[in-house]
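To start, the structure under review is shown below, and the notes come after it.
Throughout, protein chains are lettered first and strands after them, A, B, ... in sequence-line order, and every chain is numbered starting at 1.
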Amino acid sequence: MNRHSFFVCESLQRVMQNASPALACTLLLCGLLMSATGCGKTPAASFRPNMVEAAKQRLTPDQEAQVATILEAMFGTPDDPVALPETGLDVSKLRLAAGPVHSDIVGRKNGLFREHCSHCHGVTGDGMGPTAAFLNPYPRDYRPGWFKFKSTERADKPTHADLVTILNNGINGTSMPSFALLGEAKVDALVEYVKYLSMRGEAELSLMRYYFELDDEDEGKLPETREFLVEEILLPVAERWQEAEDAIIDVPEMPEVDLQESIALGKELFYGNKANCVKCHGVTGLGDGQANDYDDWNKVVKQWSDEVLSAHDASTSEMSREEKAEHRAWLARSDKALAGDALDPRTIQPRNLRQAIYRGGRRPLDLYYRIHAGINGAPMPAAAGTLTPDEIWHIVNYVRSLPYEYDGELGADRSMVARDRL
Amino acid sequence: MPTSNVRRIGLSFAAALLLTPASVFAAEWGTLTGRFVFGGDAPAAPKLTVDKDVDVCSKFDLVNEELVVGEGKGVANIVIFVRDKNVDVHPDLKATEPVVLDNLGCRFFPHVAFVQVGQDMVIKNSDPVGHNSNVATLKNPASNTLIPAGGETKISFRSDEAVPAAVTCNIHPWMKGWVVVRDNPYAAVTGEDGSFTIEKLPAGELELQLWHEKAGYLDTIVIGGKKTDVKRGRMDVEIKASGTDLGEMVLDASVFK
Amino acid sequence: MSTVTHHGPGDTTTVAPARSAQPRPVAEFLSTYVFSKDHKVIGLQFLFSTLVWFLIGGLLALAVRWQVAWPWSDVPVLGKLFAQEGGQMSPEFYTMLFTMHATVMIFLVIIPILAGAFGNFLIPLMIGADDMAFPTLNMLSYWFMWPAFFAFGASFFVEGGAASSGWTSYPPLTTNLGASPGSGMGQTLWLIGLTFVGVSSMLGSVNYMTTIIVMRAPGMTMFRLPMTIWAMFITALLQAFALPVLTAAGFMQLFDRTIGTGFFSPEGSIINNQMTGAGGGQPLLWQHLFWFYSHPAVYIMILPAMGMVSDIMTCFARKPLFGYRPMVYSVAGIAGLGFIVWGHHMFISGMNPALGMTFMVSTMMIALPSAVKTFNWLGTLWGGRIQFTTAMLFAISFVSMFIIGGLSGIFMAATPVDIFIHDTYFIVAHFHYVLFAGTAMGVWAAIYFWFPKMFGRTMNEFWGKVHFFLTFIFLNGTFFTMHILGAVGFPRRLADAYHYETFHHLQPMNAFMTYCAIGMVACQAIFAINFFWSMFYGPKAGRNPWNANGLEWTAPSPPGHGNFDIQPIVYRGPYEYSVPGCEKDHLMQTDPPLEHAVAAAH
Amino acid sequence: MRNRLAGLFWSLVFLAVPVLGVAVFAVAPSIDVWLPKDVSAHGKDIDSLFYFILALTGIVFIATEMLLFWFVWKYDEAARGDQKATYIQGSHTLEVIWTIIPAVLLLFLAIYQMNAWADMKMRRPVMKPTVEVVARQFEWRLRYPGPDGDLGTPDDLFLVNDLHVPVDEDILVQLKSMDVLHSFFLPNLRVKQDAVPGMKIPVWFKASEVGQYDLVCAELCGWGHYKMKGRITIESREDFDAWLEAKYREQEATQAEPLQEDL
């Protein structure tokens, strides 16, 4: 008896007996080579639907499909973007940024977004690329159309130049790196593509929300006329992007006072009741004031998950069988959306002002913008109208001096003062 | 086939003819009244935890205003508005005065404010502490302004909001209010006793919509002991020149769960 | 069955008297093949487990090569398997791949296949013992690998994926959970797996040392031991002395990660935009501790292969080993010096540069025993009568490739040159020449050579040579080119290096290497089929198919429980080939002394 | 009797190793897969040492591999006919020779390069840091001392990834890391130094030619390791000062200006 027969099952033995080793070798070799060099290409990339919003608006599968169809007609696919003239987007730039990474016939690199951005921001621009869950803060979700660091008023979109600045400088204090070395043309194309993704996301949101406003005679279907789609859906979004270029904040000159005096005035405002910076940024300036707030992206998820959680707890005893089934289906779908299409909400911390890290840029001008317009999407409110430009400038000067302020009284918290490491 | 759909949508440049209703002013106008009551034992509003500006805000004995059941079990803060976008507007009802939303006693007053498109809304702060008012509109650009003690700011809206927008204060996380933005003047918020009045409505058939912050768009109400389906808060009423009273509408306690 | 006189102090495996009761098949199967205390079965268990992991490690390497050659392109098979977004490999997935490739290859393949598989199988057979000194310990050493298999295997499926901080696991990347996706659960599992591999190695090494010292057959003096046994002996010593340090360091890292100690984390650093907790540690401490083990481990990964190659080479050159004692001394020298060169991994780590100088001198010196070994192998071939069996081809290629791997090491030892080539593909080329072109070729030589003893049948020589030829060609195509990439400064571990202008033009060369790597992995199918086919249908081998001298060839093929049917008595060293005046061209160690043989020995 | 052809074939396979090995190294420079252009003052020390070792190991490589080939070719069983293998157990003389010669060579090499090593890593120029480089996941944060020449004062200039240095001057970089290990690698300047959190490591060099080159991270620092791309610009003192001045003005801007064209 062969003592090692246990290693191989009987059937394998029979196969082995009937095939010659040469034949088997060849077959296996071919198989390995084929699987390694790729007979099976992966399917083309696609945009991911906004599942949270779909669950929230209780869209039917038919309605979801309709949204997808409309969006594909209006915006195309990740490999083949479409931009209607009303968007004001430059399709040639989009083509440079879209699609899989490849070099075209003149050796120009295409697919920039997927090469540089999508592993964090996701192919859809939903801020849920493969790496997203591990970053703090989370990468930006472009779909609601909120942008934080810009030179325009709080409610307005950023200008093209604002986004170029972000790409060039990166966002210090986050995982967003600088892309300045890509060169102007590529950065420009990427900004155009970000705008495209943002418009697409906003259009998706308003399409999904529009079902709610439909009349009964529409039978739960959106009109698919060009007029409706452009006038009601696309233009309200696109126009605001185009208006942004005219909404740049007008910044008056810094008042002509001694710097130390200005810093002292700024400090007074910082701690005073008028500007009230201290409430969130803390008496230490370490950002330890308000700790349980969310930014708008996380707030959406937080509120939605709270709602779904309480719906889980709600009593279904008074529901009819159909209602119960519907309720359960909706819960299952909402849970799925939360698990697969949303990152766990995380609180937002006010900036530690002693690190000399300024996410939106360290120029006095940038800080002025931040205080004047607040930070869109974040709890930081706009001070415009409340504070005079001079007062804002004083606070700017004080904030810029904070990292270098004597911090002996911070005592045990000294390790938090990281200005020495930028 | 999705592709054929794509082509159809992408290429359909021809504008669909919209049936625009002839704009004829109604001849008669009527008033709508009604009252919402809570079906069941009225729950006590839970107290809020005040952990910011304690010295000022803890004086006000603040409670959670998600569900306010007032005298005679009236449900306050239910929003009733006319859903029809092309509704005739009585010539007297031109919005002139700005709506005021006050930060008063570490809460928003009124709890639900109603403002029309294009109308100004003044957000002011009558408290001795600083506030900020974060208005989370969906169709309109969201705003968030710092309002120091005694200060005020003015905002306006360019489009109506299908769902009332939440107003919060980031400094005092418990503060929450609502703004109803409509493009006509026909909206009301129930008072402490649960009653509301909308005046000078065009007579005839109108579609109302009912919303409450905890219940969302109401699904069922009980009118005259009969369960009435108002799916998505939509309810048809006949406005009579003599006035229409919807009477007492009971909201089941389960609606607010 | 065995009628061996039991002579080992630790020998507890007496032959059971024939049972009168009915056989209990399941229990018998378990005790014979699964929880066996027989060193041969344990050796084979190690062999099969490591070969499976070898395949996994190879496939991981292919995926790595794919990304290096065509970053961001659709990944075949893997792209579908892991549903990467847009079919492309994400960079953290890539970092996980090369980390786990190295981890699997080093901890689950090379170390256990050398010490575990061949050490177990060969030591008692070659010294004339009927089993290991501590058979139960021996069984445990195999079963302690399984928690490691599970830990490493499972880590691919936890959130964040498997460890992705390189096999060197440098903190703070590894100590801070927020630093990288793989720094989460994957890294914890990695450390747990590592600990179990360490325990397994430790149990093995204690056993090998004891067995070799106390259980040698009569007449088997230390200087009559084959080189394989010498190498295993010294490897066991290395493991015994170096492993505790790594185990301790592993626990320290585990504590840093789980209970908030700060051995390796400096104060006040900001990782992933968050302040880190504990401070007061030093990242360099880990590097010192890690390399204090891992540099000797490099020799753990090659010495046994050197020993086996020496034995195979003498057999097929039909000639004594050139300079037996210098070979033994050089193995010992490598082991001794191996403990004082770890700093050469840290020349640019921020370690005191003055320390770099001392490590540079000791590193230069460790090239000496390696050179002596190489020259001795050449001396062994000189004047031989070479038989080109598959095993011999692999053994010769081991020498040929080890020359390359050894010489490229001198570049790195030179500190100023290391400034430039550190962490480039020059290093990758170097250690693949030593570990793949060296050790793996040695392992194949050993498999082809001792296969008859393991299974009683010989492997197909023709397909063996095809396997050798293809592997040899593809391996050089893959790894030799890495040297010149390294000369450009092409860095290791980059998911996409081509956005640097300096390296932009290297893509075609990397694509070439990837094609070669695909070929290299694909042609292992020949080996796999040959292996399993021959196990059942290969020509039956007698006791001594190669006419070799070692004691193992006096036992039946495959040897039964207790190994030898007659107690071997050793009369001479293992390399008495082509002894002048002797009729046969070889004299086995058990052959009774011949007058002229004794005369010729002096 | 065995086939002689098999032996010939296998010896040629082993002959291919030195032949192709040397060929690869001979061809590589001509296809530009070779040491990148050196623009540093100390780089030639490294390069010449590299060439010296290359020559030395090249000779040993060719000699040993050719010997291997020759033995395999000559002592094939088929070629030996009835002849037995020669019974040689070793040679003391040979062992001594091939121990002493490499030992002398290696020791020479070790001592020969010490000076170069000391120049690059031990004899630090006495000066204030030109720039502080702080590595973080995944970028290079740079800090130049402002007009006052000191780091850590309110007039510091903060930049990212875009390192500028004046040509023909000693440059002292103060290298730090904010989070994990990184490695500051300038291929064209033959500079590489790990950045270790908690340590301030000085790095110095002198650039000898104007131009722009890559700054690479050479130590695995997480998933984004590949994208820690920086750039070093070597320029004349005047250009450098002007650039510094312009950047400083930009950092202190209180009014929006047209975007800098030369980003």
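- Interface remark: A:Asp156 contributes no atoms to any contact with chain B (heavy atom separation under 4.5 Å).
- Interface residue B:Ser143: only backbone heavy atoms are found under 4.5 Å from chain A.
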Steps toward salt bridge (Lys or Arg N to Asp or Glu O under 4.0 Å) verdict (A:Glu239, B:Arg158): CA-CA 13 Å; A:Glu239 270 169 0; B:Arg158 53 160 95 173; 5.9 Å; no

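- For the residue pair A:Pro379 and B:Asn132, the shortest heavy atom distance occurs at O-ND2, 3.9 Å.
- Of all heavy-atom pairs between B:Arg83 and A:Leu214, the closest is NH2-O, 3.2 Å.
- Of the atoms belonging to B:Ala142, it is backbone heavy atoms, and not side-chain ones, that fall under 4.5 Å from chain A.
- No donor-acceptor distance shorter than 3.5 angstrom exists from the side chain of A:Arg154 to the backbone of B:Pro141, with no hydrogens or angles considered.
- Atom CG of B:Asp236 sits in a crowded spot, with more than 12 heavy atoms from other residues, nucleotides or ligands closer than 6.0 Å.
- Looking only at distances, no side-chain donor or acceptor of A:Asn273 sits under 3.5 Å from a matching main-chain atom of B:Val129.
- Sparse packing is recorded around CZ of B:Phe109, with 12 or fewer heavy atoms of other residues, nucleotides or ligands lying under 6.0 Å away.
- With values rounded to the nearest 0.5 angstrom, B:Leu146 atom CG is found 10.5 Å from A:Lys279 atom NZ.
- For B:Lys52, the part lying near chain A is the side chain, with the backbone staying farther off; criterion is any non-hydrogen pair under 4.5 Å.
- Between chain B and the residues A:Leu387, A:Asn376, A:Val230, A:Asp215, the most heavy-atom pairs under 4.5 angstrom are made by A:Asp215.
- Remark: B:Asn134 CG to A:Asp293 CG distance equals 8.5 Å, nearest 0.5 Å.
- Heavy atoms of B:Asp252 lying under 4.5 Å from chain A belong exclusively to its side chain.
- Side-chain N or O atoms of A:Asn276 include none that pairs as donor or acceptor with a backbone N or O of B:Pro148 at under 3.5 Å.
- Other residues, nucleotides and ligands contribute only 12 or fewer heavy atoms inside 6.0 Å of the CD atom of A:Glu326.
- Atom CD of A:Glu86 has more than 12 heavy atoms from other residues, nucleotides or ligands within 6.0 Å.
- Of the atoms belonging to A:Lys274, heavy atoms from both backbone and side chain fall under 4.5 Å from chain B.
- In terms of non-hydrogen atom pairs under 4.5 Å with chain A, the most contact-rich of B:Gly150, B:Ala162, B:Ala136, B:Ser133 is B:Ala162.
- With a 4.5 Å cut-off on non-hydrogen atoms, A:Lys157 does not touch chain B at all.
- When the shell of 6.0 Å around NZ of B:Lys154 is examined, it contains 12 or fewer heavy atoms from other residues, nucleotides or ligands.
- With a 4.5 angstrom heavy-atom cutoff, A:Ala68 does not touch chain B via any of its atoms.
- Heavy-atom distances place the side chain of B:Gln209, and not its backbone, under 4.5 Å from chain A.
- Here the CG-CE distance, from B:Asn144 to A:Met380, works out to 9.5 Å after rounding to the nearest 0.5 Å.
- Annotation: the span from A:Thr386 atom OG1 to B:Asn125 atom CG amounts to 9.5 Å, rounded to 0.5 Å.
- Between B:Pro173 and A:Asn292, some side-chain heavy-atom pair lies under the 4.5 Å cut-off.
- Crowding of B:Glu205 atom CD: a count of heavy atoms from other residues, nucleotides or ligands under 6.0 Å exceeding 12.
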